[in-house]
Protein chains: 2
Amino acid sequence: MAKQGVTTRVGQPRPNTAGTRAELVEAAITTLQTEGFGGSSARAIARTAGCNQALVFYHFGSVANLLLAALDATSERRMVRYGEAVDAADGLGPMVEVAARIYREDLDAGHMSVLAEMIAGSSSTPGLGAEVSARLEPWFGFAEDATLRALRGSPLADLVPTRDVAFAVVALYLGIEFLAHLDGDRSQAESLFSTAKRLSDLMGLVFPVAAHDGGDDPR
Amino acid sequence: MAKQGVTTRVGQPRPNTAGTRAELVEAAITTLQTEGFGGSSARAIARTAGCNQALVFYHFGSVANLLLAALDATSERRMVRYGEAVDAADGLGPMVEVAARIYREDLDAGHMSVLAEMIAGSSSTPGLGAEVSARLEPWFGFAEDATLRALRGSPLADLVPTRDVAFAVVALYLGIEFLAHLDGDRSQAESLFSTAKRLSDLMGLVFPVAAHDGGDDPR
DNA sequence: GTCTATACTTGGATAGAC
DNA sequence: GTCTATCCAAGTATAGAC
C-alpha cells in the first residue's frame, strides 16, 4: 500500500548500530524537554530517535520504563557535575553563587525539565510516583550536603536543621523550574538569585565565619 | 444496541437541573485532584459529574476550556479566603503561622493541587501555558502584599525586594505541593513550616519591630 | 439542554516477517 | 534487532434525535 520498492533508506533495518537502546534514552530526554510528559509517547520518542515505535517496547517493555531510564541517565550526569561544583564552594556566599550557576547550567541542559516533567506525569500514571520519588532521594542528600558545606563554621549551622533546608531548596528549585517553563521567562529567577546573593553577603557580616582567623563575635 | 426501553433512569435526559455547567466545573476540580491532568478527559469528568461526555463540548467548547474554568473557580474561592487570613496577620511571626495554616487548609481543599496539575499539563498542551500564567499573576500580587505586611515596621523591609520574595514564596509553595503529592507525605512540609516559625521568632529578636499598635499604618 | 451514535485520531502493545 | 502490520482501547469532537 505505502509507496515503497524504490531505493529509499526508509524501511531498511539498521543492524545493531552501536546502541539503539542508548539512542532511545537520549530521544526520550529531548522529547520530555520539548513535548512534555503528555507528549512523550512511544511514537514521538521513536520519531526523535529515528527508529521504529515497536523498539520502545522491545528494549524497555513500556513507555514509562523508558522515561524512567531517561530520568536515571540525566540524574547521574548532573549529580557528578554538581558534586564537583559544590565541593569547590565553602561558605554561604560562594554556595549561593554555585547554586545560581547550577540553576543556569541546568536550565540549559534541561535536567530539571526532565525531572519536573516526570513529577508532573506522576499524578496521572499509576505507580510512577513511587519510582520518581525514590529517584529524588539522592538529591535531598545532595542538597543537605551542600547546606552543611554552606553553613560550616557559622553559628547558623546550629540553628537551622539541614534536612529542612534541603527539602526547601529542592522544592524551591522545582517550583522555579515550573514557573520559568510556564511562560519562558527566566528573569524572575535571575532576580531572585541576585537578591539571594546580596542577602547572603549581608548574612556573612551579621554572622561571621568562626573557623578562619579571629572574626570574633560582636556582642 | 444497548439494552434500553425499560424504565431505567439511565438514558433519560435531565432537563436543565439548576446548572449542569456548574456541576461540570466541580467535577473537573475533583477529577484534576484525583486523576491528575492526564486523567482529566472529557469522559472522566463527565462520569464524575454524572452526565454525558458531549456536554463538555456543548458548554465549554473543549476540555482545556473546562479545566481553565475549574482553575478560575478554585482560584476565586481561595483568594477571598486567604485575603481574610492575611489581613489578620501583622508581623513576620504571625504571617508565617498564617502561611502554615493556609498550606494545611489548601492541601485539604486541593486548590494547589488544581493549580499544580494545570501547570503540569501546560508543558504538553499548546497554548495552555499562557492562559495558566495569566491566572497565576494575581497570586504573585497576593504574595507580595503578604510579604509587605509581614515585614512592615521591620528594617528588613528596606533590605528585601518584596517582588523577589513573592516569587520565591509562590515557587516554594508550588514545589512543596508537587513533592507532597508525589509520595503522599506531608511530614517534610510540616517540619519545614515549624522550622520557619522558629526562625521567624528568632528573627523578631534580632530585628525588633519599630512601631506597632495594630491600627493604621505605622509610619 | 441532554442524550445517542458515530467519525476520526492517537496511542499502547503484540505477532510475525526479515 | 529491527521493521511492518495490526489489534484494541481511549480520547476529541460533531450530528442529529428527543
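Residue numbers start from 1 in every chain, and the chains themselves are labelled A, B, ... in the order their sequence lines are given, proteins ahead of strands. Excluded from the calculations below are hydrogen atoms, water molecules and symmetry mates; all remaining heavy atoms, backbone and side chain alike, are included.
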Notebook entry, point to check: What is the distance, rounded to the nearest whole Å, between atom CG of A/Leu67 and atom C1' of C/dG11?
Noted result: 13 Å

Notebook entry, point to check: Whole Å only: how far is the CG atom of A/Leu55 from the P atom of D/dG1?
Noted result: 10 Å

Check: Taking the nucleotide of DNA chain D with the closest heavy atom to each, which residue, A/Tyr58 or A/Arg43, is nearer the 5' end?
Finding: A/Tyr58

Margin query: Nearest whole Å is fine: how far is C/dA13 C1' from A/Ile45 CD1?
Written below: 14 Å

Notebook entry, point to check: Is it true that a side-chain atom of A/Gln53 and a backbone atom of A/Ser41 form a donor plus acceptor pair closer than 3.5 Å?
Noted result: no

Next item on the list: Nearest-nucleotide wise, let me know which of A/Arg47 and B/Arg21 is further upstream toward the 5' end of DNA chain C.
Entry: B/Arg21

Next item on the list: Would you classify A/Val56 as touching base, sugar-phosphate or nothing, given that sugar-phosphate means primed atoms plus P, OP1 and OP2, and contacts are heavy atoms under 4.0 Å?
Entry: nothing

Note to self: Can you classify the ring geometry of B/Phe193 versus B/Tyr103 as parallel (below 30°), tilted (30 to 60°) or perpendicular (above 60°)?
What the structure shows: tilted

Notebook entry, point to check: With sugar-phosphate meaning primed atoms plus P, OP1 and OP2, does A/Ala42 contact a base, only sugar-phosphate, or nothing at under 4.0 Å between heavy atoms?
Noted result: sugar-phosphate

Notebook entry, point to check: What nucleotide, of C/dG12, C/dT4, D/dC3, holds the atom closest to the side chain of A/Val63?
Noted result: C/dG12

Note to self: Under 4.0 Å between a side-chain nitrogen and a carboxylate oxygen: does that hold for B/Arg104 and B/Asp108?
What the structure shows: no

Item checked: d(CG, B/Asn65; P, D/dA13) in whole Å -> 9 Å

Check: Between A/Arg21 (side chain) and A/His59 (backbone), is there a donor-acceptor pair under 3.5 Å?
Finding: yes

Notebook entry, point to check: Does a side-chain N or O from A/Thr20 land closer than 4.0 Å to OP1 or OP2 of D/dG1, or not?
Noted result: no

Check: Whole Å only: how far is the CD atom of A/Gln53 from the P atom of C/dT9?
Finding: 18 Å

Notebook entry, point to check: Once you round it to whole Å, what is the distance between P of D/dG16 and CG of B/Asn52?
Noted result: 17 Å

Notebook entry, point to check: Atom CZ of A/Phe57 to atom P of C/dG11: distance rounded to whole Å?
Noted result: 11 Å

Margin query: From CG of A/Leu66 over to C1' of C/dA13, roughly how many Å is that when rounded to an integer?
Written below: 14 Å

